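Notes follow the structure.
Keep in mind that this is a model prediction, so the values were computed, not measured. We're numbering straight along the sequence, starting at 1.
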Amino acid sequence: MQTINRYITNNDAYKTATIIQPQGLMLHSIGTNQPFAKNTISGWNKPGSTVAAHAIIEPKIIYETLPYNYRCSHCGGSGNNTHIAVEMTEPADLQYIGGATFTYDEAKKPAIISHIGATYNLAAILFADLCRKYNLDPLKSGVIVSHNEGCQLGIAGTAADKHYDPDHMGDKFGYTMDKFRQKVKDQMIIPLVPVAGW
């Protein structure tokens, strides 16, 4: 695992530096077939924008883009004030055909699963570290949520806003949020060591 600091110093969330006391963690995925973080980071790193996440993950690298106690606009609701946001990149071989619906070439499925599994694994390691840092229980309701679950809870806009990430991707390949939360708990017992299997 490699962690790289790429603070988005031109983003208004960085410049304003509004401090929050994290009460939870929200997992996002970028919603497009973009495996590289640099393009998303460049899009965030602009004056006049507060839209961002605190970190974005590629299969082997975590890019930290904001201090974890800075407020940013990541979910369209009160979760901006309470939850740390982590984005996962998505495999290049997904082909979106509308909204959260995608298709893929079956021959590409091993590469797709490899990308998704690696980013979920790094997210679990990072979330475990953040749970320790902020004394959070990963299995407590509302602490670790997907963007989709945040909408359902009313802290990330509403269910009508139709943010399905990352459930739209994870559920299809077996990476459910319940499994993810348990994996974070396992990582807290075995710090910073990838735990095989889901």
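Side chain of T65 to main chain of Y7: no donor-acceptor pair is present (N/O by atom type, distance under 3.5 Å, no hydrogens or angles). Using modelled atom types, no side-chain atom of H54 and backbone atom of L66 make a donor-acceptor pair closer than 3.5 Å. Counting only distance, with no hydrogens or angles, the side chain of H74 and the backbone of A156 share no donor-acceptor pair below 3.5 Å. The backbone N or O of P22 sits nowhere less than 3.5 Å from a side-chain atom of N69 that would complete a donor-acceptor pair. In this structure, Q187 contributes its side chain and A124 its backbone to no donor-acceptor pair below 3.5 Å. Under the 3.5 Å distance criterion, the side-chain polar atoms of N148 are left unmatched by any main-chain donor or acceptor of P166. In terms of modelled atom types and a separation under 3.5 Å, the side chain of D93 and the main chain of K109 share no donor-acceptor contact.
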Residues 12-20, side-chain donor-acceptor partners within the protein, below 3.5 Å, at least two apart:
unit_1: D12; atom_1: OD1; unit_2: G48; atom_2: N; d: 3.2
unit_1: K15; atom_1: NZ; unit_2: N10; atom_2: O; d: 3.4
unit_1: T16; atom_1: OG1; unit_2: D12; atom_2: O; d: 2.8

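Residue N11 comes nearest to T50 through the heavy atom pair OD1-CA, 3.4 Å, listed as atom of the first residue, atom of the second, then distance.
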Apply side chain to side chain contact (heavy atoms under 4.5 Å, CB included) to L136 and L130, showing your working. CA-CA 8 Å; L136 301 173; L130 292 169; 5.8 Å; no
Worked verdict on T32 versus E90 for side chain to side chain contact (heavy atoms under 4.5 Å, CB included): CA-CA 6 Å; T32 186; E90 297 189 15; 5.9 Å; no
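Looking only at side-chain heavy atoms (C-beta outward), T3 and L126 stay at 4.5 Å or farther from each other.
The same ILVMFWY cluster, assembled from side-chain heavy atoms under 4.5 Å apart, contains both I144 and I116.
Counting only N and O atoms by type, the side chains of D178 and Q182 include no donor and acceptor under 3.5 Å apart.
Taking the six-membered ring for Trp and thresholds of 30 and 60 degrees, H168 and F102 have ring planes more than 60 degrees apart, a perpendicular arrangement.
For Y104, the ring-ring contact (aromatic ring centres under 6.0 Å, His included) partners at least two apart in sequence or on another chain are F173.
Residue Q95 forms a side-chain contact (heavy atoms from CB on, under 4.5 Å) with just one option from T101, N33, D105, and that option is N33. The side chain to side chain donor-acceptor pair (under 3.5 Å) with T89 is formed by just one residue from the set E58, Q34, H115, K38; it is H115.
Here the CD1 atom belonging to I155 is positioned 9.5 Å from the CD atom belonging to E149, to the nearest 0.5 angstrom.
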